[in-house]
Amino acid sequence: MTKPGNELLFLALGGSGEIGMNVNLYGTQGKWVMVDLGLTFADPAYPGIDLILPDLEFIEKHAKDLLGIVLTHGHEDHIGAIPYLAADLGVPLYATPFTAGLIKGKLEEEGITKQVKLNIIPRDSSFDLGPFSFTYVPLAHSIPEGNALLIDTPYGRIFHTGDWKLDDEPLLGTPATAEELTAIGDKGVLALVCDSTNVFNESASGSEAAVREGLDAVIREAKGRVLVTTFASNAARLQTLGQVARDTNRQLCVAGRSLDRILKVAKSVGYMDDFPPVIDFDTAMSLPPRDVMIIATGGQGESRAALARIAFDSHQLKLSKGDTVVFSSKQIPGNEMAIGRIQNALAAKDIIMITDRQAHVHVSGHPGRPELELMYRWIQPEIVLPVHGEMRHMAEQARLADSLGVPKSIVQMNGDVIRLAPDGPKKIGTERSGRLILDGDVILPADGTTMNERRKISLHGVIAVAVALDQAGRLKGKPAISFQGVPVEEDRADFIQEASEAAAKAVQAGGKDEAKLRESIRLAVRRKATEWTGKKPVVDVSLIRL
C-alpha cells in the first residue's frame, strides 16, 4: 500500500494485541496522522533491555505523507517513544499543556528540542491537520488531561477514547459529562476506537474519592512510618495522597525522580496547587515515625526504584519493624516475581504490607463493562474498534458491543490495515509492525542478531577458543580455552583440558580453508561442552597466525 485514497483507514503499529506501546495511524486522501507514540517495558525475554519501542518502518517510508503526531495523554505507553523516534519522522507533535510539559522534559533530556516541534493545544480545543480536524474531549483517567480525540474526516467522525474511566468525583480536571458525550453521539459517530483493558471487569472502575477514604482508614491505624507506593504518573493518586497526609497529620516525603518530575510539571500548568510541602530525607528520618508518610516509586518491583533501594537498605530512607508499606496500585501481569522479591525483603524486616486485596487503596484508570456500556449508549457508534488490549480483551469488547446492538465491530491486530469507510469495516491488507529494543544508546531489532546472541549466551554461556597456527597451518602449542556461564565448576580444569584436546584434533583434521577450519573447531568444542553439561554454549573461535 502506498497512500490512502478516497477512504478512511486505520492501522495500529502498537497497542493492539498487547497492553502498552500504543501507536495508531489514521489515513485519508493521501495523508496520515499518528495518534500516540508509546513504549513498553522489557521482560526477562530481553536480557539487558529496559525499553521496547514500536517498529515504525511503514510510516517512516511514508513520512512525507505524515502530517503530525497527536498525543492523548502523558503515560509512557502513549508518549514514551517520542524522544527516540519522533525526530526521524520529522513531523510536529500536538498535546495539551500537562502532556506537553512531560514531553518537553523528555526532549530536553535527549537534547532534541530544536529537532522536534511541540505544539501546545489548549484544553478542550480543536485544530486541523490537512483533511483531519481534531477536538480534545476530556475524560477521567489516572493522570491529568486524559483526553479522547474527536476526529472529523471527509468520511465520518472517529471518537478515539485513549485511556479513560468514569469518575463522579475526579480529583484533577473536569471530564466531559454524559450530556456532552451524548451530544457528540447525536451528531453521528462512524467509529468508536476504544480502550479494552478492563473489559472482563463486571464492575465499574470506581472513584478516586473512595480511595482517599480507604487510604485514610489504613494510614490512621498505622503506628510507625508509612510508605505508599504508586505509579509516578498517577497524578490523581498523588493528589489523593497529599490529602491523606493532611487527613492523618503526617509530614510528607517524596522519594523518586519520576515523582518529582510529575509534581513539577503538574504544578507548572495549574494542578496540585494545594499539595502539601515536602520534607527532605534527613528530616523524614529525624521525625517521630508516627509523623511521617513517604510516597515512593517502585510498586512494580523495579530494581532501581526507591522502594527496592529502601527494602534492601541502599537508600537514605529506612523502614523498620512495625512500619507499613501500602501498595496503592495493581500488579501488572509479568511483574509478580519482581514485586514478590521486594515484599519478601520487607517481610524479613517485619514490615506490615497492605495491597488492594486487603483494603480499598486503589482504583483502576480503565473502564469496566458498565462504563463501556454507557459509552456505547452515549456515542452511538456505527462501528466499535477495540484497541489497547491483548487479543482476548479486544475480542471480548467486540462481543460486548455486538450484544448491546452496536451495528458493527472489528477485531484487528498490529499491522492490519482496516478500511473504516466507505463500506467498512474491512481488513484490506497487512503492513509491517514489530518491536525494537533500546540497548544502551542503540536502537536495534527486538529479535535481531544481537538479542538472539544474548539470549543464547544467557541460556547456555559462552566459550572462547584461541588457536595458534604457523604459516603452514600446523598447530603451535595447545588451544587456549576460557568460558563464562558454562556450568562446569569443580571440574573446570578437566573440562578445559578435554575441550583443548577436541580443538587440537579439529585442527589436525582440518584443511586450508580458514572458515571451514574455524567451524570445525567451534563444533568440536561445543560437542565436548554438550557431553559435559547438556548445554550448547556459544563458541567463539580465534585463529592466530604466527
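Keep in mind it's a predicted model, so treat the numbers as computed, not measured.
- A heavy-atom distance below 4.5 Å is found between the side chains of M272 and L172.
- At distances below 3.5 Å, at least one donor-acceptor pair connects side-chain atoms of H141 with backbone N or O atoms of G365.
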Under 3.5 Å, which donor-acceptor pairs do the side chains of residues 130-139 form with other protein atoms, sequence neighbours left out?
unit_1	atom_1	unit_2	atom_2	d
S133	OG	D128	OD1	2.9
T135	OG1	S126	OG	2.7
Y136	OH	L71	O	2.9
Y136	OH	Y94	O	3.2

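- Taking the six-membered ring wherever Trp is involved, the centroid distance between the rings of H388 and H366 falls below 6.0 Å.
- Between the side chains of N201 and S203, not a single donor N or O lies within less than 3.5 Å of an accepting N or O.
- Here the shortest heavy-atom pairing between D167 and A140 reads CB-CB, 3.9 Å.
- Separation of atoms CG (L227) and OG1 (T324) is listed at 10.0 Å; rounding is to 0.5 Å.
- Taking both residues in full, the closest heavy atoms of A308 and I342 are given as CB-CD1, 3.6 Å, listed atom of the first, atom of the second, then distance.
- Proximity of L129 to V70: side-chain heavy atoms (C-beta onward) are separated by under 4.5 Å at one or more points.
- Residue pairs satisfying the ring pair (Phe, Tyr, Trp, His ring centres under 6.0 Å) criterion with at least one member in residues 316-349, sequence neighbours excluded, are absent.
- Contact annotation: the side chain of V363 approaches that of K165 to within less than 4.5 Å [non-hydrogen atoms, C-beta and beyond].
- Contact between A232 and T297 at its shortest, heavy atoms only, is CB-CG2, 4.1 Å.
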- Starting from the C-alpha separation in whole Å, work towards a yes-or-no answer on side-chain contact (heavy atoms from CB on, under 4.5 Å) for Q380 and D186. CA-CA 8 Å; Q380 307 166 57; D186 287 345; 2.9 Å; yes
- Query: Yes or no on side-chain hydrogen bond (donor to acceptor under 3.5 Å, both in side chains) for T355 and Q358, after CA distance, side-chain angles and deciding distance?
  - Reply: CA-CA 6 Å; T355 71; Q358 285 86 43; 3.0 Å; yes
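- Rounded to the nearest 0.5 Å, atoms CG (D168) and CD (E208) are 13.5 Å apart.
- Annotation for G173 and P170: closest pair O-CG, 4.0 Å, computed over non-hydrogen atoms.
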- Start with the C-alpha distance between Y26 and T153, add both sets of side-chain angles, then the distance that settles side-chain contact (heavy atoms from CB on, under 4.5 Å), and finish with yes or no. CA-CA 10 Å; Y26 292 96; T153 81; over 6 Å; no
- Could you please spell out the steps behind the side-chain contact (heavy atoms from CB on, under 4.5 Å) verdict for V254 and L263? CA-CA 10 Å; V254 173; L263 288 168; 4.1 Å; yes
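- Considering only residues two or more places apart in sequence or on other chains, E382 meets the salt bridge (charged side-chain N to carboxylate O under 4.0 Å, His left out) condition with none of them.
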- Task: Just do the side-chain hydrogen bond (donor to acceptor under 3.5 Å, both in side chains) check on S328 and R237 with the steps written out, would you?
- Result: CA-CA 8 Å; S328 185; R237 189 63 43 79; 3.0 Å; yes
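- Remark: the E396 side chain and the S196 side chain contain no N/O donor-acceptor pair separated by less than 3.5 Å.
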- Task: Go through the steps for N147 and T72 under the test side-chain hydrogen bond (donor to acceptor under 3.5 Å, both in side chains), then give the verdict.
- Result: CA-CA 5 Å; N147 290 292; T72 58; over 6 Å; no
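- Separation of atoms CD (E373) and CZ (R377) is listed at 7.5 Å; rounding is to 0.5 Å.
- Between V384 and P386 the shortest heavy-atom distance is O-CD, 3.6 Å.
- With a 4.5 Å cut-off on side-chain heavy atoms, I52 and L436 do not count as touching.
- Checking N414 against E18 by side-chain atom types alone, a donor-acceptor pair falls below 3.5 Å.
- With no hydrogens or angles considered, no side-chain donor-acceptor pair links D291 and Q251 at under 3.5 Å.
- Side-chain atoms of D323 come within 3.5 Å of backbone atoms of S320 as a donor-acceptor pair (strictly under, hydrogens ignored).
- A 4.5 Å side-chain heavy-atom check between L89 and L56 finds at least one atom pair inside the cut-off.
- Between D356 and the options K330, H362, Q331, a side chain to side chain donor-acceptor pair (under 3.5 Å) holds for only K330.
- At a threshold of 4.5 Å between non-hydrogen side-chain atoms, the residues I351 and K321 do not count as touching.
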- Item | Step-by-step side-chain contact (heavy atoms from CB on, under 4.5 Å) determination, Q412 to L11 | CA-CA 9 Å; Q412 48 76 51; L11 168 60; over 6 Å; no
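- Looking only at distances, no side-chain donor or acceptor of Q243 sits under 3.5 Å from a matching main-chain atom of R212.
- Screening residues 261-274 for side chain to side chain donor-acceptor pair (under 3.5 Å), with sequence neighbours left out, gives R123-Y271, E145-Y271, Q239-D274.
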- Could you walk me through whether D195 and T161 pass the side-chain hydrogen bond (donor to acceptor under 3.5 Å, both in side chains) test, one step at a time? CA-CA 7 Å; D195 178 357; T161 67; 5.6 Å; no
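- Heavy-atom contacts from other residues, nucleotides or ligands closer than 6.0 Å to CZ of R246 number more than 12.
- When atom types are taken as modelled, the side chain of S125 and the backbone of I121 share no donor-acceptor pair closer than 3.5 angstrom.
- Between the CG atom in L53 and the OG1 atom in T40 there is a gap of 10.0 Å [rounded to 0.5 Å].
- A heavy-atom distance below 4.5 Å is found between the side chains of L385 and L420.
- Between T99 and I79 there is a side-chain heavy-atom pair separated by less than 4.5 Å.
- In this structure, CZ in R250 is found 8.5 Å from CE in M293, a value given to the nearest 0.5 Å.
- Residues N119 and P92 come closest through the heavy atom pair ND2-CB, 3.4 Å.
- At least one donor-acceptor pair under 3.5 Å links the side chain of E180 to the backbone N or O of T177.
- Residue pairs meeting the side chain to side chain donor-acceptor pair (under 3.5 Å) criterion with at least one member in residues 338-350, sequence neighbours excluded, are D313-K349.
- Distance check: L438 CG to D50 CG gives 8.5 Å after rounding to the nearest 0.5 Å.
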- Task: For ring-ring contact (aromatic ring centres under 6.0 Å, His included), just list the numbers for F98 and H73, CA-CA rounded to whole Å, side-chain angles, deciding distance to a tenth of an Å, and then say yes or no.
- Result: CA-CA 8 Å; F98 177 80; H73 67 284; over 10 Å; no
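- E108 and T113 share no donor-acceptor pair across their side chains, judged by distance under 3.5 Å alone.
- T248 contributes a side-chain N or O that, together with a main-chain N or O of V244, makes up a donor-acceptor pair within less than 3.5 Å.
- Screening residues 213-233 for side chain to side chain donor-acceptor pair (under 3.5 Å), with sequence neighbours left out, gives H75-S233.
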